[in-house]
Engineer: 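Can you read through this structure? Questions will come right after.
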Amino acid sequence: MQSEGKVIIITGASDGIGAQLAAQFRRKNARLVLSSRNAAKLQAGAGPDDLVVAGDLTIESVRVSVIEKALKRFGCIDALINNAGRGSYYSPSESPLEEVRSLFELNFFAPFHLAQLATPWLCRSEGTLVNVNSIAGQISLPWLPLYSASKFALASLTSSQRTELRRQGVNVMGVYPGYVDTKFQTHSAGTVPPASVVKGRRFAVTAEQCAAAIVRGMERRSRSVVTPRIGLPLVWLNRLFPRFMESRMERV
Ligand SMILES: NC(=O)c1ccc[n+]([C@@H]2O[C@H](COP(=O)([O-])OP(=O)(O)OC[C@H]3O[C@@H](n4cnc5c(N)ncnc54)[C@H](OP(=O)(O)O)[C@@H]3O)[C@@H](O)[C@H]2O)c1
């Protein structure tokens, strides 16, 4: 996909990976639709030609309005990047049910519904659907169990969307980052992460590096992006030797 002139919707564009994606696509002269809750922050980071649609994406009418406003301004949609998401450090035995529901509303139902709304337009333009997932959507992380569950659900959906939409020329790409240096930790719900996990920050990539890997993947119409690359052998180890990986995870 050549980025120049393309209409790209980016959710969670006020901070972290989403803000970096917006900056990098703006430099490539893409036409951007930016969404998240914090209108002032979105506006402060937006370029003069970007369309800002602020709102809570767990609300159905907000999702509808993102797509409608994008079409009203630009008349088409070439790419949807479902990036907004958050973590949860609650354990399965202690997490309030409402917390799990709200987590799934953002990490699963919002990208699911936005993709449904955007699909007719992506099909017309042989466009791109991106679901920003996590290594936690490939390996169950015991310190982020419910977040892992929401991202596993998103990974499964991504595979189904790929087989459904391929015939119509839409490239569906899953993104599986490891540790990315953003405010994700502080924006997560529940208890603090274990110290050994916090130490893992030294292996983190920057939001800028993560966004660059996503942009590259979209331009090459890749199937998936794992960043940093060290995540790839971990995913395979987990598939081939699940007992070994579980014992390593228990130690964390
Ligand atoms: N950082 C990591 O280590 C890491 C690793 C793997 C995967 N990821 C994934 O990468 C994606 C981006 O995370 P990040 O690290 O950039 O986190 P972040 O810095 O916390 O940014 C999250 C973005 O999502 C938006 N958001 C949160 N709740 C929302 C809601 N209800 N409605 C609309 N927008 C909402 C936030 O903006 P507002 O506050 O303005 O709404 C913000 O723009 C997430 O899907 C995350 O799961 C992150």
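Both ligands and their constituent atoms are indexed starting at 1 by order of listing.
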Engineer: Which is it for Glu99 and Arg86 under the salt bridge (charged side-chain N to carboxylate O under 4.0 Å, His left out) test, yes or no, and what are the steps along the way?
Structural biologist: CA-CA 11 Å; Glu99 155 60 16; Arg86 71 166 174 89; 3.0 Å; yes

Engineer: Do any N or O atoms from the side chain of Gln20 and from the backbone of Gln209 form a donor-acceptor pair under 3.5 angstrom?
Structural biologist: no

Engineer: On a heavy-atom basis, I'd like to know which of Ala13, Gly45, Ser14 is closest to atom 37 (O) of ligand 1.
Structural biologist: Ser14

Engineer: If you measure every N/O of Ser35 against every N/O of ligand 1, is any gap under 3.5 Å?
Structural biologist: no

Engineer: Of the backbone atoms (N, CA, C, O) and the side-chain heavy atoms from C-beta on, which set of Lys151 has a member under 4.0 Å from an atom of ligand 1: side chain, backbone, both, or neither?
Structural biologist: side chain

Engineer: Taking only heavy atoms of Ser36, which atoms of ligand 1 are found under 4.0 Å from at least one of them?
Structural biologist: 33 (C), 34 (N), 37 (O), 38 (P), 40 (O), 41 (O)

Engineer: Just jot down the ligand 1 atoms closer than 4.0 angstrom to any heavy atom of Gly55, in number order.
Structural biologist: 32 (N), 33 (C)

Engineer: Hey, looking at atom 6 (C) of ligand 1, which of Ala84, Gly87, Gly12, Pro177 has the closest heavy atom?
Structural biologist: Pro177

Engineer: Would you check if Val33 and Ile10 make a side-chain contact, meaning some heavy-atom pair closer than 4.5 Å?
Structural biologist: no

Engineer: Any atoms of ligand 1 less than 4.0 Å from a non-hydrogen atom of Gly85? List them with their elements.
Structural biologist: 22 (C), 24 (O), 44 (C), 45 (O)

Engineer: Number the atoms of ligand 1 from 1 as they appear, then name those within less than 4.0 Å of a heavy atom of Tyr179, with their elements.
Structural biologist: 3 (O)

Engineer: Whether the Asn82 and Thr11 side chains hold a donor-acceptor pair (N or O, under 3.5 Å, no angle test) is what I'd like checked.
Structural biologist: no

Engineer: For the residue pair His113 and Arg63, confirm or rule out a side-chain donor-acceptor distance under 3.5 Å.
Structural biologist: yes

Engineer: May I ask you to identify, for Thr182, whether its side chain, its backbone, both or neither come under 4.0 Å of ligand 1 on a heavy-atom basis?
Structural biologist: side chain

Engineer: Are side-chain N/O atoms of Asp56 and Thr58 paired as donor and acceptor at under 3.5 Å?
Structural biologist: yes

Engineer: Can you list the atoms of ligand 1 that are under 4.0 Å from a heavy atom of Gly16?
Structural biologist: 16 (O), 19 (O)

Engineer: By number and element, which atoms of ligand 1 are closer than 4.0 Å to a non-hydrogen atom of Gly178?
Structural biologist: 3 (O), 4 (C), 5 (C), 6 (C)

Engineer: Closer than 4.0 Å to some heavy atom of His187 - which atoms of ligand 1 meet that?
Structural biologist: 18 (P), 20 (O)

Engineer: Side chains of Arg31 and Ser3: donor-acceptor distance under 3.5 Å anywhere?
Structural biologist: no

Engineer: Does Gly85 offer a backbone N or O that forms a donor-acceptor pair with the side chain of Asn107 under 3.5 Å?
Structural biologist: no

Engineer: Examine ligand 1 and decide if any of its atoms is less than 4.0 Å from a heavy atom belonging to Thr11.
Structural biologist: no

Engineer: Can you tell me which portion of Leu106 lies within the under-4.0 Å heavy-atom range of ligand 1? Options are side chain, backbone, both, or neither.
Structural biologist: side chain

Engineer: Provide the closest heavy-atom pair for Ala84 versus Leu57 in the form atom of the first, atom of the second, distance.
Structural biologist: CB-CD1, 4.2 Å

Engineer: How many angstroms lie between CD in Gln116 and CG in Leu114, if you round to the nearest 0.5 Å?
Structural biologist: 10.0 Å

Engineer: At the 4.0 Å heavy-atom cut-off, does Tyr176 count as touching ligand 1?
Structural biologist: no

